**Q** 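Take a look at this one; I'll ask things after.
This structure is a prediction, so every number in the text was calculated from the model and none was measured.
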Amino acid sequence: MEKPVAAIEFGSKKMKLVVGYELNGQVYTIYSLVRPYGHAIECADIVNAASIAKVVEEIKSFVDQNMKMRIAVTEATLSLPPYGLQIFDNKQTTTVMAEDRKVSGLDMKNIYTMIRNCSHSICNSLVDVVPESFILSDGRAFARLPSGETSFSLTVASKVHTLPKKTNDEFCGLLLNQGIKVKKTIVAPFAAMTLLSTYPEVPNDYILVDMGSNITTVSLIGNRQLYESRYFEWGGDSITGKIIESFNINESDAEKYKIMYGIDNREMNFKAPVCITKDQDGRDINHYNSDLNEIIKKELDIFVKQLESAISDLFITYDNDQSLKSLPLVLIGGASRLNGLVEYIEPKLINKQIITVLPKTLGARNATFTNCLGMILASARYQSEVEDSAPKVAQITRK
């Protein structure tokens with residue numbers, strides 16, 4: 001079995017952890033969990049680091065009684081939100097170091113050092129390097145590092161992902177401050193794109209829409225590469241909040257009705273209320289499917305307008321080419337699972353196709369784990385530095 005990777009993502013209200021490995025281009029899960037910590041992150045701002053720290057401390061070493069499994073996480077691959085993401089094309093050449101002129105991981109490490117040194121001239125912090133092609137001195141090109149091939153030089157064309165230093169430092173600090181080493185950082189839409197590239201129903205070119213609880217990110221994917229990313233403040237909680245306000249119920253019940261019904265246009269022979277509340281005089285107030293539908297549709301109208309604005313901004317450097325703006329939409333994230341979502345927004349958008357994608361990996365078939373699964377795959381597929389031989393998860397044992 002390949003060495004397991006611990007992949008962690010910090011959402012607005014919860015931490016996601018998937019422990020797994022890559023084999024033959026697929027992700028296999030050993031363990032997954034979600035730990036809520038309340039509303040602790042707003043966009044890229046960490047507003048309650050203490051509650052997150054408590055959750056991180058708990059996963060450093062714990063026992064799952066149901067699974068009869070003991071897990072200790074000492075280092076992890078970390079997902080970073082793409083707020084302020086800048087992507088640069090880069091090409092570097094190094095002399096092959098070995099006496100026999102055989103390409104090795106040492107040459108890739110030299111290339112990475114050269115890229116890291118170049119990144120000092122930009123405002124953002126280096127997050128990840130994604131090699132696209134490896135070219136030898138005789139002109140031969142490879143998609144992966146051609147270890148063992150003979151050459152005088154190695155040229156690597158790559159995309160360099162950068163984020164504001166504050167975002168990089170603060171999110172990494174959530175792990176480092178609790179004694180967990182950050183093995184690798186990966187921007188969330190790139191992780192998702194890497195996983196989706198293994199699904200035959202997902203096209204090569206599309207607009208990736210990650211619908212979270214509070215934030216939606218919109219990213220341009222071209223030929224299975226990440227090019228641009230935007231975001232806006234809208235998520236599944238926007239709908240939940242309106243249900244709470246309109247029905248005068250608690251958050252738990254509002255979330256339950258949202259998930260249970262969504263947009264439900266079924267015609268019934270009888271009219272039963274979704275829920276019943278009391279007014280100030282103690283009289284019953286019936287809330288019906290039609291009321292819930294109206295609340296959700298109004299919020300989705302807001303979502304559509306903000307999505308269209310984000311897409312226009314995404315393609316502003318492409319002169320807002322209509323053919324690009326009409327690329328297929330691929331929806332991921334927990335809010336994308338809303339019943340009736342696609343059917344309602346599809347007529348309002350110009351996109352050729354709208355599809356929602358759910359992870360297929362056994363043990364993590366939940367929309368919330370998309371980015372974590374993608375990180376495990378990306379960690380194996382795009383190694384920008386020579387990995388050491390230390391295990392990425394210190395210990396996984398059966399109790």
**Q** What distance separates T74 OG1 from I180 CD1, expressed to the nearest 0.5 Å?
**A** 8.0 Å
**Q** Answer yes or no: is there an ion pair linking E308 with K305, defined by an N-O contact shorter than 4.0 Å?
**A** no
**Q** Can K102 and D100 be counted as an ion pair, charged N to O under 4.0 angstrom?
**A** no
**Q** Are the charged groups of E58 and K54 less than 4.0 angstrom apart, N to O?
**A** no
**Q** Looking only at heavy atoms, what is the nearest atom pair of L17 and F369, with distance?
**A** O-CE2, 4.0 Å
**Q** Out of curiosity, L338 CG to I345 CD1, how far, rounded to the nearest 0.5 Å?
**A** 9.5 Å
**Q** I need the L208 CG to L196 CG distance, nearest 0.5 Å.
**A** 6.5 Å
**Q** If you count every heavy atom of other residues, nucleotides or ligands that lies below 6.0 Å from K159 atom NZ, does the total exceed 12?
**A** yes
**Q** Identify whether NZ of Lys or CZ of Arg in K297 sits under 6.0 Å from the centre of the six-membered ring of Y344 and within 45° of that ring's axis.
**A** no
**Q** Could you check whether atom CE of M260 has more than 12 heavy atoms from other residues, nucleotides or ligands sitting under 6.0 Å from it?
**A** yes
**Q** Taking the cut-offs as 6.0 angstrom to the six-membered ring centre and 45 degrees off its axis, would you call K13 and Y37 a cation-pi pair?
**A** no
**Q** Does R381 qualify as a cation-pi partner of F190, given the criterion of NZ or CZ under 6.0 Å from the six-membered ring centre and within 45 degrees of its axis?
**A** no
